[in-house]
Amino acid sequence: MALLELHASTTQFAALAFLGQLPNAVVALPAGALSDRYAKRPQMIAADLTAAAGLATIPAASFAGVLGIGQLYAVAVALGITKIVHDAAAISYLPVLVEPHLLQRANSRLGAASSVADSAGSNAGAVLVGAVGAARSVLADVLSYLLSALSCGASAPPSRSPRRPVAAGPSRGTSGRACATWSGSP
């Protein structure tokens with residue numbers, strides 16, 4: 001987009017690449033803390049919807065003839081932030097979706113699917129840009145984020161049978177009363 005429609009200079013390309021990577025250094029740690037403290041699905045959905053909205057501004061501005069490099073800079077930063085927030089929540093959401101004994105296999109499959117999507121997505125994007133143009137090809141990316149948000153919304157954690165309380169022996173400070181504790185994680 002920067003090259004085909006805006007004829008960006010090498011300095012502008014470098015700035016665009018830098019701004020796209022800047023959130024990795026600034027947002028990664030807070031995003032991890034956010035995903036640990038709050039519900040993960042809403043974070044993933046919000047990140048996908050934010051990314052879709054940000055990306056949708058590009059073809060809209062292009063069709064209106066007002067697209068500028070500043071807008072691409074802003075969208076690059078927004079996409080970087082949303083990717084980090086989504087990925088941090090997704091990584092910590094996986095253990096909720098799968099049984100502990102399947103977690104290693106699920107992590108492996110998630111990593112493999114991500115690698116395939118990254119390489120196939122780049123190639124498909126290049127073909128799409130050639131076929132329909134840069135601005136229209138961004139609409140496919142918008143659609144992919146919307147589908148991701150819908151998928152996240154539909155991915156309810158499996159219901160697991162509640163764990164039974166286990167009676168513990170007398171606890172200090174309870175005057176010999178038995179304390180009931182829940183087995184497993186809270």
Side-chain angles (χ1 to χ4, degrees), residues 1-38 40-94 107-153:
M1 184 67 74
L3 175 66
L4 296 176
E5 293 201 16
L6 300 179
H7 309 291
S9 70
T10 54
T11 303
Q12 290 171 321
F13 262 95
L16 188 60
F18 171 76
L19 290 171
Q21 295 300 315
L22 183 62
N24 291 327
V26 178
V27 181
L29 191 58
L34 180 73
S35 73
D36 284 343
R37 288 175 177 76
Y38 298 101
K40 289 140 187 64
R41 268 192 335 156
Q43 290 178 53
M44 294 186 300
I45 293 168
D48 284 338
L49 293 176
T50 303
L55 278 170
T57 67
I58 293 173
S62 177
F63 297 146
V66 295
L67 181 65
I69 193 73
Q71 182 175 357
L72 293 183
Y73 291 158
V75 171
V77 170
L79 284 179
I81 292 169
T82 60
K83 181 180 181 343
I84 291 168
V85 169
H86 184 280
D87 289 353
I91 289 169
S92 57
Y93 189 52
L94 188 62
N107 273 322
S108 297
R109 289 179 177 174
L110 185 62
S114 179
S115 295
V116 169
D118 283 346
S119 51
S122 297
N123 293 326
V127 169
L128 195 58
V129 168
V132 299
R136 285 186 182 92
S137 68
V138 174
L139 292 173
D141 213 7
V142 170
L143 181 62
S144 74
Y145 279 105
L146 293 174
L147 289 173
S148 177
L150 286 172
S151 297
C152 288

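What's counted below: heavy atoms across the whole structure, side chains too, no hydrogens, waters or symmetry copies.
- Residues satisfying the side-chain hydrogen bond (donor to acceptor under 3.5 Å, both in side chains) criterion with S148, sequence neighbours excluded, are D48.
- Minimum heavy-atom separation, P59 to A135: CB-O, 3.4 Å.
- The shortest heavy-atom contact between G153 and R41 is O-NH1, 2.9 Å.
- Within the structure, every pair that satisfies the side-chain hydrogen bond (donor to acceptor under 3.5 Å, both in side chains) test and touches residues 50-60, not counting sequence neighbours, is listed here: T57-Q71.
- By the side chain to side chain contact (heavy atoms under 4.5 Å, CB included) test, A78 pairs with no residue at all, sequence neighbours left out.
- Taking all atoms of both residues into account, the shortest heavy-atom contact from L55 to V75 is CD2-CG1, 4.2 Å.
- Residues forming a side-chain hydrogen bond (donor to acceptor under 3.5 Å, both in side chains) with Q43 (at least two apart in sequence, or on another chain): none.
- Residues V77 and L22 are not in side-chain contact: their nearest non-hydrogen atoms beyond the backbone lie 4.5 Å or more apart.
- The neighbour count for L29 CG, taken as heavy atoms of other residues, nucleotides or ligands under 6.0 Å away, does not exceed 12.
- By the side chain to side chain contact (heavy atoms under 4.5 Å, CB included) test, S144 pairs with D141, sequence neighbours left out.
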Which is it for V26 and I81 under the side-chain contact (heavy atoms from CB on, under 4.5 Å) test, yes or no, and what are the steps along the way? CA-CA 9 Å; V26 178; I81 292 169; over 6 Å; no
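- Considering CG of L79 and CG of L19, their distance stands at 12.0 Å, rounded to 0.5 Å.
- Closest of all the heavy-atom pairs between I45 and A149 is CG1-O, 3.8 Å.
- Legend: residues meeting side-chain hydrogen bond (donor to acceptor under 3.5 Å, both in side chains) with N24, ordered by chain and number and at least two apart, are Q21.
- In this structure, L146 and A52 approach most closely via the heavy-atom pair CD2-CB, 3.8 Å.
- Atom CG of residue L139 and atom OG of residue S62 lie 9.5 Å apart, to the nearest 0.5 angstrom.
- Put simply, CG on L110 and CD1 on I91 are 7.5 Å apart, with the number rounded to the nearest 0.5 Å.
- Taking A15 as the reference, Y73 meet the side chain to side chain contact (heavy atoms under 4.5 Å, CB included) condition, with sequence neighbours excluded.
- Qualifying side chain to side chain contact (heavy atoms under 4.5 Å, CB included) partners for A76, counting only residues two or more places apart in sequence or in other chains: L16.
- Contact record, M44 with C152: CB-SG, 3.9 Å, taken as the closest heavy-atom pair.
- S35 meets the side-chain hydrogen bond (donor to acceptor under 3.5 Å, both in side chains) test with no other residue; sequence neighbours excluded.
- To the nearest 0.5 Å, atom CG of residue L34 and atom NZ of residue K40 are 9.0 Å apart.
- For the atom pair OG of S92 and CZ of R37, the computed distance is 12.0 Å after rounding to the nearest 0.5 Å.
- Sequence neighbours left out, the pairs with a member in residues 66-88 that pass salt bridge (charged side-chain N to carboxylate O under 4.0 Å, His left out) are K83-D87.
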